[in-house]
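Only one structure is covered here, and it is reproduced in the block below.
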Amino acid sequence: MGYGQHQSFYLRDRWLPKAIKEISNDERFFYDKQAFEKIGLGKNMVQSLRYWAVATNVIGEEFSKERQKSHYITDFGNMLNKFDKSIQLNDSASLIHYFLTRQKEPSTVFYWFFNEYTQNVTSKEELINQFKQWVEHNENKTVSLNSLKKDIDCLIKLYTAGLNSVDPEEVIQSPLSKINLIKEKKNIIMKYSPTYEEVGLIALMFVLLDYCSSKEIDSLTVDQIYETKGLWGKTFNLSRVQIVSALEQLSYEKHNGIKFVRTNQLDTVQVPDIKAINFLEEQFQRKIEALI
């Protein structure tokens with residue numbers, strides 16, 4: 001599992017477009033000793049940017065024929081670059097959040113908070129303590145308390161930075177603050193349950209398609225969508241009421257190809273056999289055209 005790779009810097013609004021631009025020109029950009037001068041960030045910030053770009057599935061890592069590690073822009077990164085470079089859409093922010101939290105590696109604290117931690121309201125001190133206990137129970141190596149504290153600090157800032165600030169400078173903003181999943185007040189941390197509109201129907205549908213494809217299934221129940229790690233209830237703090245409302249809206253929009261069957265005992269969702277990334281491209285194109 002991974003800890004502290006963010007170098008104590010939360011993701012900034014303009015960082016991911018910078019990473020995409022540089023990797024487009026040089027697949028080994030992050031191994032260039034002069035990378036910090038070329039991109040206009042400090043050395044530690046460049047290391048942080050590399051972590052965020054990989055953790056959010058905007059770029060991927062691979063070995064070249066010469067056995068040198070390099071990076072490439074993922075399909076998702078290309079979609080962002082083409083349709084929402086500045087991450088203005090809630091759907092884009094929600095998908096960045098989804099990729100960050102869907103697995104333990106390399107972003108353990110984000111996975112843990114949304115998929116494992118069940119309390120909706122807690123103090124920062126108790127949050128650190130609970131994370132420490134979970135890591136000790138699930139980790140084979142010793143992780144310093146200081147590193148875990150920095151992870152919790154970064155978690156909170158990532159989802160709240162810029163929300164209450166009067167400073168308009170974009171440098172303090174986080175692209176994930178717009179989806180309102182965490183709120184902080186006087187060291188009390190709260191999981192906020194958004195409406196499905198705040199998350200975005202495109203993002204929600206993508207998650208269903210991606211999950212079903214990974215599990216080789218074509219249907220889910222509302223209970224599964226609410227309770228399963230990596231799905232709506234865990235990932236986006238969505239209530240059952242909001243999940244049902246989102247499913248009704250998705251099934252009403254025929255182009256999604258989803259069928260929502262409600263019975264007295266079991267509510268089932270039939271998911272179409274469509275690649276998640278193809279759906280995303282089509283829907284982003286549709287949404288951008290509607291905004292023009």
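The figures that follow rest on heavy atoms only: side chains count, while hydrogens, waters and symmetry mates do not. Every value quoted in this text rests on a predicted model; they were computed, and no experiment measured them.
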CG/Asn237 to CG/Asn180 distance, rounded to the nearest 0.5 angstrom?
->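 One gets 11.0 Å once the value is rounded to the nearest 0.5 Å.
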
CZ-CD1 distance between Phe113 and Ile152, expressed to the nearest 0.5 angstrom =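 The CD1 atom of Ile152 is 8.0 Å from CZ of Phe113, to the nearest 0.5 Å.
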
Under 4.5 Å between side-chain heavy atoms, hopping through other hydrophobics if needed: is there a path connecting [X] to [Y]?
X      : Y      : value
Val269 : Ile217 : yes
Ile288 : Ile277 : yes
Val241 : Trp232 : no
Leu145 : Tyr3   : yes
Met190 : Ile128 : no

With a 4.5 Å heavy-atom cut-off, do [X] and [Y] have their side chains touching?
X      : Y      : answer
Leu231 : Leu220 : yes
Val244 : Arg262 : yes
Leu16  : Leu11  : yes
Phe83  : Glu281 : yes
Phe236 : Ser94  : yes
Phe260 : Leu250 : no
Ser177 : Thr160 : no
Tyr31  : Arg50  : yes

Under the 3.5 angstrom rule, does the side chain of [X] hit a backbone N or O of [Y] as a donor-acceptor pair?
X      : Y      : value
Asn57  : Leu100 : no
Asp218 : Asp273 : no
Ser70  : Glu27  : no
Ser174 : Leu176 : yes
Ser214 : Tyr211 : yes
Asp151 : Gly4   : yes
Gln7   : Phe9   : no
Asn25  : Lys21  : yes
Thr108 : Lys104 : yes
Asn256 : Ile258 : no

Quick one: closest heavy-atom pair of [X] and [Y], and the distance?
X      : Y      : value
Leu49  : Ala19  : CD1-CB, 3.9 Å
Ala276 : Phe206 : O-CD1, 3.3 Å
Ala55  : Ser107 : CB-OG, 3.4 Å
Ser92  : Phe284 : OG-CZ, 3.4 Å

What orientation do [X] and [Y] show, parallel under 30°, tilted 30 to 60°, or perpendicular over 60°?
X      : Y      : value
Phe114 : His97  : perpendicular
His6   : Trp52  : parallel
Trp112 : Tyr117 : tilted

So, [X] versus [Y]: side-chain donor-acceptor pair below 3.5 Å or not?
X      : Y      : answer
Tyr98  : Asp210 : yes
Gln249 : Glu253 : yes
Ser239 : Tyr226 : no

Mind checking whether Phe76 and Phe99 have ring centres under 6.0 Å apart?
->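 Yes; Phe99 has its ring centre under 6.0 Å from that of Phe76.
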
Under 6.0 Å between ring centres, would you say that holds for Phe30 and His71?
->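 That pair passes the under 6.0 Å test.
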
side-chain hydrogen bond (donor to acceptor under 3.5 Å, both in side chains) evaluation trace for Tyr111 with Glu116 = CA-CA 7 Å; Tyr111 167 85; Glu116 301 283 354; 3.1 Å; yes

Only pairs at least two apart or in different chains count here, so list each salt bridge (Lys or Arg N to Asp or Glu O under 4.0 Å) that has a residue in residues 127-150.
->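 For residues 127-150, and leaving out neighbouring residues, the salt bridge (Lys or Arg N to Asp or Glu O under 4.0 Å) pairs sorted by first residue read Lys132-Glu136.
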
For His137, does the NE2 atom have more than 12 heavy-atom neighbours from other residues, nucleotides or ligands under 6.0 Å away?
->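 No.
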
Enclosure of Glu126 CD (heavy-atom neighbours >12, cutoff 6.0 Å) =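 It does: Glu126 CD has more than 12 such atoms within range.
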
Should the pair [X]-[Y] be classified as a salt bridge under the 4.0 Å nitrogen-to-oxygen rule?
X      : Y      : value
Glu198 : Lys178 : no
Arg240 : Glu227 : yes
Lys287 : Asp84  : no

Is the Lys NZ or Arg CZ of Lys183 less than 6.0 Å from the centre of Tyr192's six-membered ring, within 45° of the axis?
->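 Judged by the rule (NZ or CZ under 6.0 Å from the ring centre, within 45° of its axis), Lys183 counts as positioned above Tyr192.
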
Determine, step by step, whether Glu282 and Arg286 satisfy the salt bridge (charged side-chain N to carboxylate O under 4.0 Å, His left out) criterion, reporting the C-alpha distance in whole Å, the side-chain angles of both residues, the deciding distance to 0.1 Å, and the verdict.
-> CA-CA 6 Å; Glu282 180 183 329; Arg286 184 190 298 265; 3.6 Å; yes

